[in-house]
Engineer: 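I'd like to ask you about the structure that follows.
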Amino acid sequence: MVPFSHSHLLLLTVRLMTYSVLTQCLAHYFFMVFLTGSLNSEAPSTMASRGGGRGQGRGRGQLTFNTEAVGIGKGDALPPSTLQPSPLFPPLEFYPVPLPSGEEGEYVLALKQELRGAMRQLPYFIRPAVPKRDWRRLPRELRIRVRKLQKDRSTILVPKRPPKTTEYKEETIQKLETLEKKEEELTSEEDEEKEEEEKEEEEEEEYDEEEHEEETDYIMSYFDNGEDFGGDSDDHMDEAIY
Amino acid sequence: MTQAEIKLCSLLLQEHFGEIVEKIGVHLIRTGSQPIRVIVHDTRTSLDQVKKALCVLIQHNLVIYQVHRRGMVEYEAQCSRVLRMLRYPRYIYTAKTLYNDTGELIVEELLLNGKMTMSALVKKVADRLTETMEDGKTMDYAEVSCTFVRLADTHFVQRCPLVHATENSDPGPPPPAPTLVINEKDMFLVPKLSLIGKGKRRRSSEDDATGEPKAKRPKHTTDNKEPIPDDGIYWQANLDRFHQHFRDQAIVSAVANRMDQTSSEIVRTMLRMSEVTTPSSAPFTQPLSSNEIFRSLPVGYNISKQVLDQYLTLLADDPLEFVGKSGDSGGGMYIINLHKALGSLATASLESVVQERFGSRCARIFRLVLQKKHLEQKQVEDFAMIPAKEAKDMLYKMLSENFISLQEIPKTPDHAPSRTFYLYTVNILSAARMLLHRCYKSIANLIERRQFETKENKRLLEKSQRVEAIIASMQATGAEAAQLQEIEEMITAPERQQLETLKHNVNKLDASEIQVDETIFLLESYIESTMKRQ
């Protein structure tokens with residue numbers, strides 16, 4: 001059985017630790033050696049009294065390895081010990097080489113980004129399903145997304161502050177509606193998966209209703225049933241209220 | 001599988017297939033081969049979702065299945081195959097350089113879909129090509145088929161293993177999972193199909209943004225009625241062949257950098273001649289005589305026989321030993337040392353990393369230790385002509401990062417440190433493994449950072465997408481420039497600046513990923529080649 005020697009311990013520390021921490025480990029090593037007793041031999045416990053806690057000044061400070069070989073000359077000050085863990089992003093000494101640019105690099109880059117986008121649209125991309133809600137306990141109005149549509153629309157209408165003719169506003173609202181629906185489709189795909197077909201049909205019906213109502217000459221807010229009353233007043237804050 | 005690899009696999013699966021597939025995939029990579037019930041229990045996802053995820057993973061050749069005792073089917077994930085997903089753009093670009101746009105799209109579709117039948121593939125690619133062509137022109141199926149046959153002949157695409165057809169009807173119940181077999185000879189055999197047709201252009205009127213959900217759109221009913229002639233014969237991309245091509249490219253460009261264009265052409269010719277005769281994992285190619293090489297040189301090159309012989313002698317004498325001389329018959333038999341070439345390339349990567357990370361003096365020490373194999377500390381200082389203190393510092397820095405290792409040679413049996421030689425040495429295989437591990441970590445960091453940047457600016461990105469959509473729709477319906485201008489102004493100047501910065505950063509991160517992947521390829525090839533030889 002190979003006795004556990006201090007040389008092994010030192011080598012282990014040399015191998016595993018960085019140079020800045022090496023000195024700290026050396027300090028630890030000295031400390032441990034101080035604790036365990038004699039440096040040069042494994043004193044059995046019965047001889048503890050003779051060996052003493054230290055070499056009593058005789059073998060003090062003697063190490064089994066050559067300090068000069070490690071780099072600590074006689075009388076040299078030890079490098080400062082580290083008091084904190086190394087920083088998360090150590091300072092960069094050398095600036096990295098620039099990436100290869102050129103036709104090939106750019107083409108491959110564009111391909112990569114395209115592929116990423118394309119794979120999201122393929123049927124292989126499985127989106128997490130919407131958690132099942134118990135519709136018996138929730139108010140009916142939350143299930144159908146009328147409220148959500150109105151709320152979303154009002155946020156898009158805000159930038160359209162400059163006055164325009166009503167017809168143009170109608171057109172833009174229609175376009176925004178359609179884009180919204182597309183966007184909502186996307187968000188709905190991302191947030192919730194339309195698993196049940198009844199749900200799909202229900203929402204489609206809602207879409208049809210909205211579209212159908214859009215064909216009137218009046219703006220939707222004309223038929224406001226007072227749900228958005230509080231919300232609308234916030235949106236009009238930048239306009240003077242007479 | 002190391003933690004870094006698993007993390008990278010998780011990020012890749014999540015980006016490309018979503019979170020459910022990622023969860024199942026990572027679980028399989030971590031725990032190895034498992035039956036479906038255990039997967040459902042351990043990942044706490046519903047059976048349906050696990051089934052869907054497994055189907056997707058098997059479709060893309062990321063998971064294989066096996067029937068075990070008592071009829072249980074076990075699924076096993078292939079971590080290395082998942083990591084190949086980083087290299088997809090490179091495969092597609094290679095196909096483009098070799099077989100033009102048609103080849104590019106064929107390989108792209110194969111990679112995106114995992115496995116496809118030839119007929120479905122040809123149809124899809126023809127449709128896509130027709131989209132990009134001018135109005136009125138369509139892509140003929142025959143042309144696409146022709147390119148596909150060429151890809152199969154050069155082994156870039158291969159057949160997937162087929163369902164084993166049992167001749168006599170089994171009296172017992174059908175097995176829970178089919179056994180798939182493939183005959184070596186049939187792997188690249190293209191079925192005789194007569195695909196007649198032209199690509200169809202998607203009608204633009206059907207894509208109107210009317211808000212109709214896509215599921216409701218009627219499919220093309222005309223094609224479904226005809227029986228598919230090559231039913232059951234699926235094709236996949238042969239990644240090993242692409243890797244062989246990359247390896248050849250790397251060797252040729254290394255020779256071009258070290259010597260000149262002509263010698264690289266000679267090496268390229270030799271590699272091309274050995275493509276079919278030498279398996280990709282062989283340590284060196286079959287011997288080629290100088291006469292054969294002379295005959296096979298590309299047509300444009302008119303160098304005389306003597307010049308060719310001189311070049312070959314030069315290449316064989318080069319200390320890098322890419323080309324070796326194995327005999328004298330036929331004007332000299334020459335081989336290419338593939339294993340040595342890969343070793344040199346891996347070593348060059350290591351040297352380059354040391355140089356860029358620690359400085360040129362450290363690189364000098366590193367090259368010195370590489371060359372002399374084992375050196376004492378004193379000898380390092382003397383040979384490198386660097387003052388002792390700095391040399392010690394650099395050696396310890398490299399030692400701590402595991403580029404260099406210590407070799408102890410004891411003088412006495414008690415291994416006393418004062419009576420032991422400590423020699424510095426570079427163990428290329430272990431240093432390569434260490435660097436490979438770091439590369440995986442780097443790519444994982446890059447992907448994470450890119451996702452973080454995108455998430456930070458998500459609101460802004462969505463806004464800009466909306467504005468673009470509005471502009472596009474307004475342009476389609478014909479709006480004046482003033483109105484378009486107004487809508488464009490919805491995005492303010494500082495926001496535009498922010499978007500620009502974001503785009504620049506994301507591009508940079510993406511390009512870095514591609515660059516790190518190239519290093520990964522070199523290191524992996526070297527490690528694989530070394531492992532096969534042992």
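Order of the sequence lines sets the chain letters (A, B, ...), proteins ahead of strands, with each chain counted from 1.
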Engineer: Ion pair present between B:Glu468 and B:Lys463, side-chain N to carboxylate O less than 4.0 angstrom?
Structural biologist: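 Salt bridge: no.
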Engineer: Can you see whether B:Phe246 has B:Arg90 sitting over its ring - NZ or CZ less than 6.0 Å from the centre and within 45° of the normal?
Structural biologist: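 So B:Arg90 does make the cation-pi contact.
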Engineer: Could you tell me which of B:Ser46, B:Cys55, B:Gly359, B:Ala53 has the largest number of non-hydrogen atom pairs under 4.5 Å with chain A?
Structural biologist: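 Going by pairs under 4.5 Å, I would pick B:Gly359.
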Engineer: Is B:Gln59 close to chain A through its backbone or its side chain, or both, or neither, when contacts mean heavy atoms under 4.5 Å?
Structural biologist: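 The answer is the side chain of B:Gln59.
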Engineer: Suppose we screen for salt bridge (charged side-chain N to carboxylate O under 4.0 Å, His left out). Which residues come up paired with B:Glu401, at least two apart in sequence or across chains?
Structural biologist: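 B:Glu401: salt bridge (charged side-chain N to carboxylate O under 4.0 Å, His left out) contacts with B:Arg438.
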Engineer: Would you mind checking if B:Arg128 and B:Glu109 are paired as a salt bridge, meaning a charged N to carboxylate O distance below 4.0 Å?
Structural biologist: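 Yes.
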Engineer: So which part of B:Arg450 gets closer than 4.5 Å to some heavy atom of chain A, the side chain, the backbone, both or neither?
Structural biologist: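 The answer is the side chain of B:Arg450.
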Engineer: Between B:Tyr396 and B:Gln377, is any pair of side-chain heavy atoms under 4.5 Å apart?
Structural biologist: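 In contact.
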Engineer: What part of B:Glu513 gets closer than 4.5 Å to chain A, counting heavy atoms only: side chain, backbone, both or neither?
Structural biologist: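 When you check distances to chain A, only side chain atoms of B:Glu513 fall under 4.5 Å.
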Engineer: Go through B:Arg357, B:Glu108, B:Glu15, B:Glu19 and name the one with the most non-hydrogen pairs under 4.5 angstrom from chain A.
Structural biologist: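 Most heavy-atom pairs under 4.5 Å with chain A: B:Glu15.
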Engineer: Heavy-atom distance under 4.5 Å to chain A: side chain of B:Glu376, backbone, both or neither?
Structural biologist: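 No part of it gets close to chain A.
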Engineer: Who wins among B:Lys378, B:Glu22, B:His60, B:Lys508 for the most heavy-atom pairs under 4.5 Å with chain A?
Structural biologist: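 Most pairs with chain A among the choices: B:His60.
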Engineer: Show which side-chain atoms of residues 99-111 of chain A pair as donor or acceptor with protein atoms under 3.5 Å away, not counting sequence neighbours.
Structural biologist:
{"from": "A:Tyr107", "atom 1": "OH", "to": "B:Lys96", "atom 2": "NZ", "distance (Å)": "3.3"}
{"from": "A:Tyr107", "atom 1": "OH", "to": "B:Glu104", "atom 2": "OE1", "distance (Å)": "3.3"}
{"from": "A:Tyr107", "atom 1": "OH", "to": "B:Glu104", "atom 2": "OE2", "distance (Å)": "2.6"}

Engineer: Who wins among B:Asn113, B:Val506, B:Thr420, B:Leu57 for the most heavy-atom pairs under 4.5 Å with chain A?
Structural biologist: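 Among the listed options, the one with the most contacts to chain A is B:Asn113.
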